[in-house]
There are 2 protein chains.
Amino acid sequence: MENDATSVSSEGEGYRKIIAAAEKLFADHGFDAVSMHAIATDAGISKANIYHYFPNKDALYLAVLQSAAASLRALLQAAVDKSGTASEALHHFAVNHLQHLLARPRLVRLFLREMLEKGEPRARDLADAGLADLFASLVQILQLGQERGELRKDFDPALVTTMLLGANVIFFQSLDLLRQYPTVTFVDRPEEYDRAMVEVLLRGIRNRSEP
Amino acid sequence: MENDATSVSSEGEGYRKIIAAAEKLFADHGFDAVSMHAIATDAGISKANIYHYFPNKDALYLAVLQSAAASLRALLQAAVDKSGTASEALHHFAVNHLQHLLARPRLVRLFLREMLEKGEPRARDLADAGLADLFASLVQILQLGQERGELRKDFDPALVTTMLLGANVIFFQSLDLLRQYPTVTFVDRPEEYDRAMVEVLLRGIRNRSEP
DNA sequence: ACCGATACTGACTCGTCGGTCAGTCTAGCA
DNA sequence: TGCTAGACTGACCGACGAGTCAGTATCGGT
């Protein structure tokens with residue numbers, strides 16, 4: 001045996017092709033809508049070969065989630081930069097974060113899908129683990145800004161963190177939808193969206209000093 | 001024939017039981033994970049009977065979405081109250097909106113699921129139609145506030161609308177997740193969350209006059 | 001009492017699904 | 001050259017999926 005779906009280490013050619021195909025299909029259509037045959041075909045191998053690497057469909061799915069979680073986590077964590085003022089850090093993060101979401105839509109959809117699943121926690125913890133760090137980092141940035149006197153002290157950092165992440169996720173999730181609203185001008189210009197979004201947010205939480 | 005899945009009118013006992021069961025199961029597990037047999041069992045009827053009302057599984061799904069869209073739309077539209085100041089209207093809406101989301105989690109998940117579907121637009125337009133009204137109403141509230149001088153004129157109403165809806169949706173969507181973060185105190189207190197959220201937002205967009 | 005239409009069912013077809021298996025092909029090594 | 005281990009395959013299996021069908025129960029109108 002080569003891999004029991006709990007290790008996340010380096011693997012051969014076939015293994016990678018399977019993961020890649022599975023990631024694509026699972027993200028686009030969901031677990032139940034994707035057959036092992038479809039994955040095999042997309043990967044250019046035989047269905048039976050998948051079972052050489054993974055004991056069953058669930059294990060494959062889990063492996064995909066794990067691999068996705070790892071790369072997403074690294075990607076997003078890289079957007080955190082605690083240097084400079086809280087305002088700068090927030091803006092910098094927001095733009096980078098959204099950029100990463102838009103660059104890896106499949107990975108993101110994979111986890112958004114997972115969040116909607118009821119009953120089976122499947123691999124909820126995976127998504128959580130990655131997000132927890134991110135969340136904590138942002139909260140920290142805000143707290144620092146509060147201690148420094150740059151930001152007001154009467155707001156909950158976790159709340160604003162939720163708002164900022166939420167604003168980005170909703171933008172990502174509703175792109176197609178927003179595109180149809182005539183009053184919406186910021187689609188196709190995510191940096192512009194984030195600039196304005198952070199501006200509103202900052203005006204709401206910054207201590208009154210500069211105009 | 002009784003219904004061709006495009007009319008949304010009053011129907012008999014069996015029809016309602018089928019829709020109810022299907023709505024529950026589809027929302028909890030997704031289209032592909034739910035079998036017609038499961039729906040029939042849950043509704044307490046025979047599988048074949050479903051085909052008396054609906055030509056196939058897709059039609060049933062569509063009917064469920066339609067029914068859900070109708071009630072969600074009515075529910076959410078009722079949260080819009082354009083009287084009073086823009087600040088009041090926004091706060092009032094936010095609280096009511098989130099309350100409705102939390103009260104009808106299945107309907108909401110049904111549409112969030114739909115939004116993640118790639119390729120097949122299935123019934124995307126349905127979700128859209130309902131949301132478009134809502135979106136327009138909020139934008140209108142904000143614009144009115146701008147004209148009255150209550151709100152600043154240098155922000156995009158559509159942006160703030162997105163932020164507000166996004167904040168609520170993300171709260172709804174990430175409840176379980178947020179619950180695990182020790183720094184988050186506002187879970188289980190949605191009104192508190194919305195109060196603080198709208199406060200931040202308003203401070204960001206209100207004209208400086210009152211403290 | 002009878003009729004027609006609607007509500008409903010159990011038993012079936014048939015395709016596809018996840019998963020297995022017996023065996024081939026290839027590469028490294030003795 | 002021969003042996004072995006891992007990579008890989010086509011053919012197959014039982015289970016279960018959507019959808020069909022022939023027929024029965026129910027009921028309002030005549």
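A, B, ... follow the sequence lines: proteins, then strands. Residue 1 opens every chain. These numbers come from the heavy atoms of this one structure, side chains and all, not from hydrogens, waters or symmetry mates.
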Side chains of residues 80-87 of chain A: which donor-acceptor pairs under 3.5 Å do they make with residues two or more places apart or in other chains?
unit_1, atom_1, unit_2, atom_2, d
A:Asp81, OD1, A:Ser83, N, 3.1
A:Asp81, OD1, A:Ser83, OG, 2.9
A:Asp81, OD2, A:Ser83, OG, 3.3
A:Lys82, NZ, A:Gln140, OE1, 3.1
A:Thr85, OG1, A:Glu88, N, 3.1
A:Ser87, OG, A:Glu150, OE2, 2.8
A:Ser87, OG, A:Arg206, NH1, 3.4

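- Taking atom NZ on B:Lys57 and atom P on D:dC16, their separation rounds to 15 Å, with Å as the unit.
- Counting to the nearest Å, the C1' atom of C:dT6 and the CD atom of B:Glu13 are 15 Å from each other.
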Distance-only donor-acceptor pairs under 3.5 Å for side chains of residues 38-45 of chain A, two or more places apart:
unit_1, atom_1, unit_2, atom_2, d
A:Thr41, OG1, A:His37, O, 2.9
A:Asp42, OD2, A:Lys24, NZ, 3.0

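- Within the 4.5 Å cutoff, the side chain of A:Arg109 has heavy atoms near those of the A:Asp28 side chain.
- Between the CE atom of B:Met36 and the P atom of D:dA15 there is a distance of 24 Å, given to the nearest Å.
- Here A:Phe26 pairs with A:Phe31, A:Tyr61 under the ring pair (Phe, Tyr, Trp, His ring centres under 6.0 Å) rule; sequence neighbours left out.
- Look at A:Tyr53 and you'll find a side-chain N or O under 4.0 angstrom from OP1 or OP2 of D:dC8.
- The separation between B:Tyr51 atom OH and D:dA22 atom P is 17 Å, rounded to whole Å.
- For C:dC8, neither phosphate oxygen OP1 nor OP2 lies less than 4.0 angstrom from any side-chain nitrogen or oxygen of B:His52.
- Going from atom NE2 of B:His37 over to atom C1' of C:dC12 covers 15 Å, rounded to whole Å.
- Spacing between atom CG of B:Leu25 and atom P of D:dG17 amounts to 13 Å, rounded to whole angstrom units.
- One interatomic measurement links the two molecules: CD1 of A:Ile50 to C1' of D:dG10, which rounds to 15 Å at whole-angstrom precision.
- Rounded to whole Å, atom P of D:dA15 lies 20 Å from atom CG of A:Asp32.
- Contacts of residues 41-49 of chain A with DNA chain C (heavy atom under 4.0 Å): A:Lys47, A:Ala48.
- For B:Tyr193, the ring pair (Phe, Tyr, Trp, His ring centres under 6.0 Å) criterion is met by B:Phe171, B:Phe186, not counting sequence neighbours.
- Annotation: salt bridge (charged side-chain N to carboxylate O under 4.0 Å, His left out) contacts involving residues 155-173 of chain B, sequence neighbours excluded, are absent.
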